[in-house]
Structures are given as C-alpha cells and as structure tokens.
Amino acid sequence: MSTPPVVERRRRGSRFLRFVSRYTGPEAGVVERQLPFVLAFAVGLLTLTVVDVVTDPALVLAAAIVTAAVMVLAVTLPWSRWPAWAADLLPVVSLGAVSLLRAGTGGSSSILGALVFIPVLTLASQRGRRGVTLATVCVLLVVFTPAVIDPQTFTSLTVMRALLVALVAFVLAVISHETTERLRVRNAALDRLRVQQDELLDLVRTDADVIARVAAARESALEQMVAVIDSATEQAIIATDTDGLIQVFNAGAERLLGHAQGAVVGRLRLTALHDPDELRERYAAAFGHAVRGDGEQAERRLLDVVVRPAQGEGSHVRDWTWVRRDGERRTVRLAVTRRVEGDGASNGFVVVATDVTAEREAAAFKDQFVSLVSHELRTPLTAVLGYLELLQDGPDPLSDEQREFLTIIERNARRQLRLVSDLLLTAQVDAGTFQVSPARIDLADVVRSSVESAAYAAHNAGITLTQDVTRTPVVADATRLAQVVDNLLTNAIKFTRPGGTVVASVAPGPVDEAGRAGAVLEVSDSGVGISPDEIAQLTQRFFRAASAQRGAVPGVGLGLSIAKAVVDAHGGTLAVASVLGEGTTMTVRLPPEPPAARADASRA
C-alpha cells in the first residue's frame, strides 16, 4: 500500500524539524548549538583557499581564533550550573567572529557575510524574546564593523545595508523563534503524551495481569468445582436456573433418584423430583392459599416454597421428600443456595441433597422406644416400690437377711424408676410439653441438699466433696434444678479418680437492668477431663464420651441432656470447660426468673 504524497511530505517536514531541533532547538545542548556555526565557519575558511578575497589576514586569523575559543568554552565550561541566558554569550561572540571575518575578507562586499545568520538562529531558538532582540542588535553591529575599522567606507549605503540586513535578521529570528516555540510546545505535548502512554501501558499491563489472574482463578475454581461435583457420590448436587430448570445433575443425584443425567438436564424442573402432595401442602402453609394455575406456571410457583428461604444470602437446610424414578420415596436433607454473579444478580440455585431416610427412621424408632419404655415401665416400677414398702412396714417380722434383700430390690427399683423418669422427661422435651413450675427459692438450699445426697457416693469413691454456697434468691423450679445439680455432681464423681476433689458452688450473678441478680452455679472436678471435640456433643441424648466407654462408667448418657433442657426452660445457659487429665467445670447461669414467669407477670 503506497503512502499518500501529503503524508510523505509531512513525514519529510517532521524529519527536517527534528534535525533542526537536534542542533538548534530547545533540546540541543550548548555544544550542539555551536556546531552548525563552527562547521559553516570551517567551510568558509576552506573557501578562502580557493577564492582569494582576503584583504586582512590578521583579522581572518583573529576570527578563526575567536571561533575556536567559542567551541572550547562551549565544551569546557559548566553551563548547567549557570542561568540559561549565560549560554547566549557564545552566539554573540560568534557574531563577533563573523564581523572580524567579514572585515578581513572585503568588508561590505565579503562573500562570507551570510554566516551572520547562523548565530541569529541559535539566539532566536532560546526561550523568551531576548534572543530576537539580541540577534538584531548584534547583526547591526556586525554590518557596521567594517565602517568602524575603516571610517572612509562609511556611507549612506552602509546604513541602508545595515538596516536591511538587520531587518532580514529580525524577520528570520522571529520566524525561527516562533517555529522553535511551537516545536517546544509540541515536544512538551509529546512528552506528556508519552508519559500518559507509559501510564496507560502500565495500567493495561496491570489490568492484563489482574484479568489473567482472575481468569486463571476462575478456571481453577471451575475445574475444582467440577471435580468436587463429579466426585460427590454420597450427596446429590443439582444446579438450576432461576426458573428451576435443572442444569447440573451429578452422579450422586443419579444414584439417589435413579434418573440418568441426560434424561434430566434441560428437561425436568427441580419440583418434578419432589412429592407433589408435600409441595402443595407446604406451599399452602407458607402462602396461606393453594397454588394457582397449572403446568409450568404452577411449577414455577411451587419452586418458590423450595427456594424462598434461600432468596437472601447464604443457604437454607430443610427436610423434603423426593420421589425416585421407581416411585420409592426418600427423605432428603436439602441445602438450597442462591447462585450469585459478580454483579450481585441471581442466576439460579444450587441444591445439595443428602439421603437421611435411614437416619430419620432411626430417630422416629428411638422416640417411639423412649415413649414406650417410659409409659410401660413407670407404672409397674411404681407398683413394685409400693409393695416393697408394704413388705417392709407390714405386721409380719422380717429377718435381717430378708430386709437386706428388700433393700437391694428397692435400691435397684428406684434406680430404674429414675432412668424411666429421665426417659419420660426427654420425651416431653422432644414433644414440647416440658414445663417448669417456678417459685421464689434460695438456690443455695438446693445445692446444699444435693451435696448432702451425693456425700455418701463421694465417700465410697474416695473423693473429697466440698461446697461453697452463698445465699442466692431466684425464681425457679427447685425440683428441676435439684435434678440438674444431682446430675452434675453424679457425673463429676463418676469421672474423678480416688483422691480427687469435687467442688459445688453457687453465688448471685450479674445484676440486670431492673436491679435483680440471677445465679451462677458451678460444679468443678479434678477428673479425667473431656476431649475438646466431644464437648459440643455432651448434651446430646445417649451420648457417651470416650472416657466413659474406656472406663466402663455406668450410665446411659441422659444426665447432661436433661440438665440442658431444664436450664434452657429457665432461660439460662450451660457451659462446659475442660482440660484432658486435669478436670472439668460445668457452669450454669440462670436469670432472676424464667422467661415464662416474666411473661406472666407482664400480662398480669
């Protein structure tokens, strides 16, 4: 492709301006600004060897010496330390050399007089107007130099010639000055553009690096997500769009539901996996009316009841019933999370389902077992204890051996009755029917009574049981709190080695806004301690710590779950602090009165 003539001319002009600027412009140094004149002066001297126009060799020699001195001064003197106008002295001296050369080669008729315009260009290229003025004045002096040396040559023609040459020098200096100023402005603009270009290039490189890192991170995250989804076989992972249309269906989902991935992705909605009756029932409960419409419209509305809790940030977990391809129903724990783009917009949902059918069936069976044991054993045990009392207090005398046997039977029957009572209490907690009967009591009395009851067991185990009680009035259920203290003391004694200590303490807690104090109850022991990863499970029903299993400590794992239920019913907290091999501290904090009592008081 050929370059247009106009563009080519502009390029040539630009190259010429750069050449001129290189030796006379603002970027040129002091030495570079003198080089054009020195070179032209040397050419002029060479011309004199061909054309014999020398009228005064001494003046020519003086001009050459001055020119050489100018070059030496330009090279040797520290011009960068001095003001910018100091460098103007060199072109002025060069004009003096021209005047000497002109006077020594014929005066006003000298063929080398044109050299005067080179220092003029050098002076005019400097900043400000002083160079133009100085160049014009110096040219006048140069033209008048021959007349000064030889007054006989001074005529009106000399004056006219001086004025005309000065005018030409002035015009040339102005044009050169303006051209140089424009060149200087253009160079400054180019410098700014170059700086901006460098900054933009840095920004582009930085942005490119960031984009590359983000792209790499996203690609890595995508690969990791795909690997995790593909490797998850125990959980069903399903991703949908905003309308619930399935987009991702992993191997775990295939195993759980019996559907092939190709038969589901892009074909079925999430609601098609649910039990339709359960969906409609929960929709009606959530929105207060039955779902309206049919077909896709109804499916979109039914989707709301599944994903509605996850419309905000985070995820929501709930049990649902899914229907397999063969019609079998499975209970799944569904975690629904909203999919969010970088700009915050939602583009669908991610559903993680875990089959909990066996777990839920086992829990239901356990609840049925607890209820059955509680109701079917409590009545006969109560009857057994009643008949034991009749035997012990009856009119017929009993031998010592018979009384010992009856005592053993009574002790074991009461132990079984306590266990059945614990089972019944846990059933009440699960059913939401567990209640407390608060009254104004002194918790210190409750603790003293429990310590006295546990003293015999502590003595037999070789453990020192002490108490540190302060009068602590609260509104609470004394019977239930006694059950809490008994369970805490029993556990402390069980898990403390012979020679150890158990301390029960109670004191008023912090004062609330109404000026009332609650209670702080602590049971500390120097026992075997509890593993940190087991502390969170201590209050679960039937949980047995590893230390209890290794030491064959008797119990069924209901004591702390009951204590937690009683404390919760009072609006308090149960905290556990333990160090393996050093001991455990159970801390119960109670408010001045249970929440139910406060609510009743406010209504009254």
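Worth saying up front: this structure is predicted, and the values here are computed from it rather than measured.
A donor-acceptor pair is defined here as one N or O able to donate and one able to accept, closer than 3.5 Å; no such pair exists between the side chain of T466 and the backbone of V503. At distances below 3.5 Å, not a single donor-acceptor pair connects side-chain atoms of R330 with backbone N or O atoms of L256. Looking at T472, its side chain does come within 3.5 Å of a backbone N or O of T470 through a donor-acceptor pair. Between the R480 side chain and the A569 main chain, no donor and acceptor come within less than 3.5 Å of each other. For the pair D477 (side chain) and T479 (backbone), a donor-acceptor distance under 3.5 Å is present. Q247 places no side-chain N or O within 3.5 Å of a backbone atom of A239 that could act as its donor or acceptor partner. For the pair E254 (side chain) and Q261 (backbone), a donor-acceptor distance under 3.5 Å is present. Panel note: side chain D355, backbone V332; no donor-acceptor pair is recorded below 3.5 Å. Remark: side-chain polar atoms of S526 are paired, donor with acceptor, to backbone N or O of T501 under 3.5 angstrom. The main-chain N or O of D445 is never found under 3.5 Å from a side-chain atom of S449 such that the two would form a donor-acceptor pair.
Side-chain contact check for W322 and H274: at least one donor-acceptor pair (N or O, by modelled atom type) lies under 3.5 Å. Of the N and O atoms on the side chains of D486 and S450, at least one donor lies less than 3.5 Å from an acceptor on the other residue.
Taking every heavy atom of both residues into account, T242 and F349 meet most closely at O-CE1, 4.3 Å. Pairing each heavy atom of R301 with each of V291, the nearest pair is CB-CG2, 3.9 Å. Closest approach of P438 and P594 over heavy atoms only: CB-CG, 3.9 Å. I463 and I493 get closest at one heavy-atom pair: CD1-O, 3.4 Å. Contact detail for V323 and D275: the closest heavy-atom pair is CG2-CA, 3.9 Å. The minimum heavy-atom distance linking P508 with A517 is given by the pair CB-CB, 4.2 Å.
More than 12 heavy atoms of other residues, nucleotides or ligands shown are found within 6.0 angstrom of CZ on R324. Within a 6.0 Å sphere centred on CD of E328, other residues, nucleotides and ligands contribute more than 12 heavy atoms. Within a 6.0 Å radius of CZ in R448, other residues, nucleotides and ligands contribute more than 12 heavy atoms.
One distance of note links NZ of K494 with CG of L489; it measures 12.0 Å at 0.5 Å rounding. Atom CG of L488 and atom OG1 of T584 lie 11.5 Å apart (nearest 0.5 Å). Between E452 atom CD and L465 atom CG the span is 10.5 Å, to the nearest 0.5 Å. Separation of atoms CG (N250) and CD1 (I237) is listed at 5.0 Å; rounding is to 0.5 Å. To the nearest 0.5 Å, atom CG of residue L257 and atom CZ of residue F249 are 5.0 Å apart. Between F287 atom CZ and L302 atom CG the span is 9.5 Å, to the nearest 0.5 Å.
Comment: R516 engages E593 in a salt bridge, judged by a side-chain N to carboxylate O separation of less than 4.0 angstrom. Between D568 and K564 there is a salt bridge, since at least one side-chain N of the basic residue sits less than 4.0 Å from a carboxylate O of the acidic one.
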Show your working on side-chain contact (heavy atoms from CB on, under 4.5 Å) between L334 and D319 and close with a plain yes or no.
-> CA-CA 6 Å; L334 219 61; D319 282 1; over 6 Å; no
Please test V506 against V520 for side-chain contact (heavy atoms from CB on, under 4.5 Å), starting from the C-alpha separation and ending with a verdict.
-> CA-CA 6 Å; V506 64; V520 177; over 6 Å; no
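Not a single side-chain contact (heavy atoms from CB on, under 4.5 Å) links A457 to another residue, sequence neighbours left out.
Within the 4.5 Å cutoff, side-chain heavy atoms of I238 are placed close to those of T240.
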